[in-house]
Number of protein chains: 4
Amino acid sequence: MPTTQQKVAIKAGGPLPRRPGVGRGAKVRAAVLAATLAELTQVGYADLSVEGVAQRAGVHKTTVYRRWPDRQTLVAEALTDSVARDVPVPDTGSLEGDLRTFARSLVGWLTSPPGEAIFATLIAASRVPEIAPIKRALFEDRFRRHEPLVTRAIARGELPHGTDPAEVIKTVIAPIYLRLLITAEPINAATADAAAAVALAAARAGVLRPPHARPAGEDQPTGNQRRR
Amino acid sequence: MPTTQQKVAIKAGGPLPRRPGVGRGAKVRAAVLAATLAELTQVGYADLSVEGVAQRAGVHKTTVYRRWPDRQTLVAEALTDSVARDVPVPDTGSLEGDLRTFARSLVGWLTSPPGEAIFATLIAASRVPEIAPIKRALFEDRFRRHEPLVTRAIARGELPHGTDPAEVIKTVIAPIYLRLLITAEPINAATADAAAAVALAAARAGVLRPPHARPAGEDQPTGNQRRR
Amino acid sequence: MPTTQQKVAIKAGGPLPRRPGVGRGAKVRAAVLAATLAELTQVGYADLSVEGVAQRAGVHKTTVYRRWPDRQTLVAEALTDSVARDVPVPDTGSLEGDLRTFARSLVGWLTSPPGEAIFATLIAASRVPEIAPIKRALFEDRFRRHEPLVTRAIARGELPHGTDPAEVIKTVIAPIYLRLLITAEPINAATADAAAAVALAAARAGVLRPPHARPAGEDQPTGNQRRR
Amino acid sequence: MPTTQQKVAIKAGGPLPRRPGVGRGAKVRAAVLAATLAELTQVGYADLSVEGVAQRAGVHKTTVYRRWPDRQTLVAEALTDSVARDVPVPDTGSLEGDLRTFARSLVGWLTSPPGEAIFATLIAASRVPEIAPIKRALFEDRFRRHEPLVTRAIARGELPHGTDPAEVIKTVIAPIYLRLLITAEPINAATADAAAAVALAAARAGVLRPPHARPAGEDQPTGNQRRR
DNA sequence: GACTAAACGAGACGGTACGTCGAGTCTTTGT
DNA sequence: ACAAAGACTCGACGTACCGTCTCGTTTAGTC
């Protein structure tokens, strides 16, 4: 509908269109997003219904649809909104300490109710166009923010030159996510410590170099590709 | 639309073979399960509808419901039915060769269309009671079947005593699944080789012992549990 | 969906597809149409809702939508279904008797609850594409069926040759509808008799000839057409 | 969409003139009522929406609701406002001339765009409490104002004493409305002349006396009242 | 080689949720 | 202080798919 846009264009530069973050609208927005997260936690993404969210938020269904065009967008915004609280970047002085602290923080987030709900949704809705970029952004940001942790260790001489920081971080988190997603084993501080130890050993052994710097076996056939 | 054609094909097949023991039911069952897998591949678990499956199978909706009480059970059986084809257990003589072969086989299965669909469904439907045990069975079986691979290496003296075979296998597969589920990076033979190398290094460093045999840090608070 | 049609084509000539008028379907159909008429009577066409009809019929909303694509079609079918009961064509021997009997029958129908509801709906929904043809059919049929009444009178010499039967009938009914639609005066047997008397007088005076046979004033400007 | 343009036009008028007595309110009122009539003409009463009217008038929806409590009242006022222009009362010297002129005037009004819209709305919304009195007022006024036309004819000896003026007028207009509402035949000057001729003949025949002055047949059963 | 029981085709049904539209009310803001 | 502009509640729209039911029609394996 061009009406609003044209109005904005006409009034642009004049009186403020509307300050966000105040008024009834902000309350409604917050209530709905909170209700969305709560529904995600309880029934999961697949069984989340807009009507359920609206009811829980004490708001009418059409009000939800006025702000968010569909279920995906609503969930996406709810996730984005609560992804701010992230795991901190540690600096303990030693790589081992840093990795353990990082791993434990991650486990702590993943086992907290909101973290669990957010993560499960991110995984379950990977195909949804509105959700996928959020997932990518969340994890890429996490990788990038924790790379200095490895860089410092290389500078301190704890790791060989040529070690890929991203690979180290991935090696830390991989077994944690494996247990969460595949084996459904419980994860706790011990899991975190073990993951950190593995990554440390591999890094010290010099096998965590960038992908393109590896010697052999690139792009060889994997052996059991299936027809069809 | 293939519906009519399939029906015609069936009816045009002349006098039915009348083989004793295999009735009409077997054909229907196979057609529906195949259609279910096809739908999983194309639209995914979330958007799979019984009506869509029935139509694709050239079968009426009620026929599907007669055999499978609901969507979950149908999908579960379709998955179980096609999970038989699994990755083989290698025996190359060296641990490094075994791990590489195993990792490449896994990557091959995960990147094949049916493997991709099955795996995605298993992940997406983790909460569904009918699906979860299938997932568990699939992966536990895989771990168990590949453990000898590590046991042999310990016997050969390639790895220290006390190394946990399951942990080694998990360390191999963890980065592969990480890329598949979290970072959405492409996976190929190089990914497989790198994963095998990391696991090998960690195992040799002696950090892949059973969880309960580790010294410290168990059950310590992880630091940022959230209230709620 | 071509499936059904093709199947029917294949089976054509074989066993009866499905006997209409029996089974649960017929009951539902009757209940919904009756409920529709009842709603028309009570709240009128404008405020008739499919949900209300469904509820009154003791049937679910989606069931209504399965049979009738929208409100208009539903109402149209309800009207068609109950329009069968029409006013009878009298034959008393004299034109005066015939016209009076006809007029009284019409008044009787118009003042009966179903007649009232049907008529009101037909008028109110004149613009609706599904309803308009029903209205036209109902009234045209009524005119045609009653024309013999006038033809006989001409043959008996009660009316001058050249009298237009349709015009006579229209002259009878016109004041009745006027009171119903415009002046909202009560209509009863006296109204009917007066209408018959007027038509009789006009017909005998020879002013009810076909439109094209009239002498003067055709197509002259009407004098206060408005601009715009 | 003219919305923005109209707004621009209004705002581009510079500082409001501020003539005392006629404020902005009067302009808004006129614009909204005009828009209402225009909407009635184009989409009809049933599909008229307050939002549509507001948009067409270049005014906010709530502005409409501030002045008119609901749709009915708004339409009622729009109609009342434009009903002033009525058909004139003729005086040609002869009853025949008077009736013809009156009938032609009426036809002229009914076939003009505003007349058509107003009339259709009046009919379609007969049940609406706010609209019904307007209809009654319009037509009663019309009858009353034209009765002298008959009274004069009686005085001139053109019609028998005891002729009911209102009945004569009704007899003129009845066939016109019949064609408009029931048979959907085109109406024009010929229709008007025919209607006048019929009324004249009936009046001369003495059948247009007051209802209570008729001899027989009052309140007799009409013969086909329906149960239910 | 006919007969019966199981399975299938067909279609309607109650039900839940979808995403949309418009009516009419209430709250916030600008002047 | 008041009117313009949103944003809200509410009810209904028409749609898709779920899982259930009943009825008739095939088909399979037995007597």
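The chains referred to below are lettered A, B, ... by the order of the sequence lines, with proteins before strands, and numbering in each begins at 1. This is a predicted model, so every value here is computed, not measured.
- The side chain to side chain donor-acceptor pair (under 3.5 Å) search around A/T62 returns A/H60, not counting sequence neighbours.
- Straight-line distance from the NE2 atom of B/H60 to the P atom of F/dC23: 16 Å, rounded to whole Å.
- Atom P of nucleotide E/dC13 and atom CD of C/Q55 are separated by 17 Å, given to the nearest angstrom.
- Within the structure, every side-chain polar atom (N or O) of A/T63 is placed at least 4.0 Å from both OP1 and OP2 of F/dA7.
- Residue pairs meeting the salt bridge (Lys or Arg N to Asp or Glu O under 4.0 Å) criterion with at least one partner in residues 62-79 of chain C, sequence neighbours excluded, are C/R29-C/E77.
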With 3.5 Å as the limit, what N/O pairs link the protein to nucleotides 13-16 of chain F?
{"residue": "F/dC13", "atom": "OP1", "partner": "C/V50", "partner atom": "N", "Å": "2.7"}
{"residue": "F/dC13", "atom": "OP2", "partner": "C/V50", "partner atom": "N", "Å": "3.4"}
{"residue": "F/dC13", "atom": "OP2", "partner": "C/E51", "partner atom": "N", "Å": "3.1"}
{"residue": "F/dG14", "atom": "OP2", "partner": "C/Y65", "partner atom": "OH", "Å": "2.5"}
{"residue": "F/dG14", "atom": "N7", "partner": "C/K61", "partner atom": "NZ", "Å": "3.3"}
{"residue": "F/dG14", "atom": "O6", "partner": "C/K61", "partner atom": "NZ", "Å": "2.9"}

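- Across the protein-nucleic acid pair, C/R67 atom CZ and E/dG11 atom C1' stand 10 Å apart, rounded to whole Å.
- B/D47 places its CG atom 14 Å from the P atom of E/dC18, with the value rounded to the nearest Å.
- For A/R66, taking side-chain heavy atoms from C-beta onward, the closest of the listed nucleotides F/dC8, E/dA12, E/dC8 is F/dC8.
- The salt bridge (Lys or Arg N to Asp or Glu O under 4.0 Å) pairs that include a residue from residues 36-51 of chain C are C/E39-C/R56, C/E51-C/K61, where partners are two or more places apart or lie in different chains.
- Per the geometry, CG belonging to C/L74 stands 15 Å off C1' belonging to F/dA12, to the nearest Å.
- With sequence neighbours left out, B/S126 forms a side chain to side chain donor-acceptor pair (under 3.5 Å) with B/K135.
- In this structure, B/E130 atom CD and F/dG19 atom P are separated by 10 Å, rounded to whole Å.
- Atom pair B/W68:CH2 and F/dT20:C1' shows a separation of 18 Å (rounding to whole Å applied).
- Residues A/L48 and A/T36 approach most closely at CD1-O, 3.8 Å, considering heavy atoms.
- Put simply, OH on D/Y45 is 12 Å from C1' on E/dA23, counting in whole angstrom units.
- Applying the side chain to side chain contact (heavy atoms under 4.5 Å, CB included) rule to B/A124 yields no partners; only residues at least two apart in sequence or on another chain are considered.
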